Enquirer: 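Next up is a structure, given as C-alpha cells.
As the structure is a computational prediction, the values presented were derived from the model and not from experiment. Letters A, B, ... are given to chains in the order of the sequence lines, protein chains preceding strands, and every chain is numbered from 1.
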There are 2 protein chains.
Amino acid sequence: MKVNPELDLVLERIVDVPVELVWKAWTRPEHLTKWFTPAPWKTTECTIDLRPGGLFHTMMQSPEGQSFPCDGCYLEIIPNKKLVWTDSLGPDFRPVAIPGGTSEERPFYFTGVILFEAHGAGTKYTAIGMHSNVDGRKKHEEMGFHHGWGIALDQLVAHVKKSMISTA
Amino acid sequence: MKVNPELDLVLERIVDVPVELVWKAWTRPEHLTKWFTPAPWKTTECTIDLRPGGLFHTMMQSPEGQSFPCDGCYLEIIPNKKLVWTDSLGPDFRPVAIPGGTSEERPFYFTGVILFEAHGAGTKYTAIGMHSNVDGRKKHEEMGFHHGWGIALDQLVAHVKKSMISTA
C-alpha cells in the first residue's frame, strides 16, 4: 500500500487488543454501532454487506438529534488484514459522483483503507483516507480526520475490552 | 446482476466465438488494442493490471490524430464470467471524482460490467454501463453507447476469428 502524503491521511497506532477482535468490531453492525462515531455523536444504524460491491451504510446522529446517512461500497476484503470501501461508489459499484454536482453538501469523495496487523498480543492499526486532490485531503483534515478517527479507535478498543474479549 | 433501466445501458448479444477467447480479448493488451475502438478510431495504448484495484488504461486516437486517455480501476474479476471496472476510481481505488468539478470535459462517471457466458460453441455477451443518475445514462446513450459498443464487439469477434482461435 503506497501512501501519497499529498493526497492521503494516515492514522497509525498500536492497540492492545487482538487483531481478530478489531476486525470483528469493524465488520459486525452490533459492534460497529458501539464505537464508530466520537461521542456524544451516535451511530444509530449500520448495514454491512461484506463482499466487494456490498453496501456499507451508517447513520450518524448529532448531539442535537440531526441524522446524517453515510453510504459506501466495499471494494476489498481480506479478513483480519485489509478492509477497503469508498463513498464515491454505491452498492454493486454504481458511481454516485456527478461531475459539476454541488460541492457544499459533499466537499470530497474518499476511499477508506484499514490495515490490520498482529503486534504481539495487540494490533498495529492503520487507517488511511485517500482523496482525489490536495483540496479534498485538506478539507478532510480540517474536518478533524486524525482527532475523530483517533477517538473512534479509543472507543473501539474500550468496546472490545468490555464486551468482546470473552466472546472471541 | 440487477439492471436498473433508468440508470443502466445494456448491450446483449450471442456471438459465435468461445467465451475463453472473448475473455482473453478483453484482458490482454495485445488483443484489446485490435478491436476496442470503432474504426477509424484507434486504441494506441493499453495497460491492464488485472486485479481488484489495478489500472485499466487505454489511449484512444481520433481519425484526426487527437488522443484521449481513458483510465479506470478494476473492481471485480471472475475469469471467463465477469469483468467490472469504473472510471470514477483510479489505481488502488483512489477516487477521481471531485464534487463541483466542471462537467464539460467529463459529462458522467460510469461503471462497466461485462458478463461472459458459454452459449453452445459461442458466447452470450452482456455489456452494462451503470450511471449515477438519469442524466448520465442519457448522455452516454446519446454518445452512441449501443452503436459504439456493438461495433467494438463486431471487431472483437472478427479479431478472435482471425488470430486467436489457433492460439487458444
Enquirer: For the OG atom of Ser88(A) and the CZ atom of Phe93(B), what is their distance to the nearest 0.5 Å?
Expert: 11.0 Å

Enquirer: What are the residues of residues 107-125 of chain A, in order of number, with any heavy atom under 4.5 angstrom from a heavy atom of chain B?
Expert: Pro107(A), Phe108(A), Tyr109(A), Phe110(A), Thr111(A)

Enquirer: Do Trp23(A) and Val157(A) sit in one hydrophobic cluster, given that two such residues count as connected whenever their side-chain heavy atoms are within less than 4.5 Å of each other, even indirectly?
Expert: yes

Enquirer: What option among Leu89(A), Asn133(A), Thr86(A), Val84(A) has the most heavy-atom pairs under 4.5 Å with chain B?
Expert: Leu89(A)

Enquirer: Should Trp26(B) and Met59(B) be regarded as members of a common hydrophobic cluster, given that ILVMFWY residues are connected when their side-chain heavy atoms come within less than 4.5 Å of each other, either directly or indirectly?
Expert: no

Enquirer: Does atom CD (Glu30(A)) have a neighbourhood of more than 12 heavy atoms from anything else shown, all under 6.0 Å?
Expert: yes

Enquirer: If you check every heavy atom in residues 142-151 of chain B against those of chain A, which residues fall under 4.5 Å?
Expert: none

Enquirer: Please tell me whether Leu55(A) and Met60(A) are part of a single hydrophobic cluster in this structure, the criterion being side-chain heavy atoms less than 4.5 Å apart.
Expert: no

Enquirer: Most heavy-atom pairs under 4.5 angstrom with chain A, which of His131(B), Lys2(B), Met130(B), Arg94(B)?
Expert: Arg94(B)

Enquirer: In terms of hydrophobic clustering (I, L, V, M, F, W, Y; side-chain heavy atoms under 4.5 Å; direct or indirect links), are Leu50(A) and Phe36(A) co-clustered?
Expert: yes

Enquirer: Same cluster or not: Tyr74(A) versus Ile78(B), using hydrophobic residues (I, L, V, M, F, W, Y) connected whenever any side-chain heavy atoms lie under 4.5 Å apart?
Expert: no

Enquirer: To the closest 0.5 Å, what do you measure between CD1 (Ile128(A)) and CG (Asp92(B))?
Expert: 10.0 Å

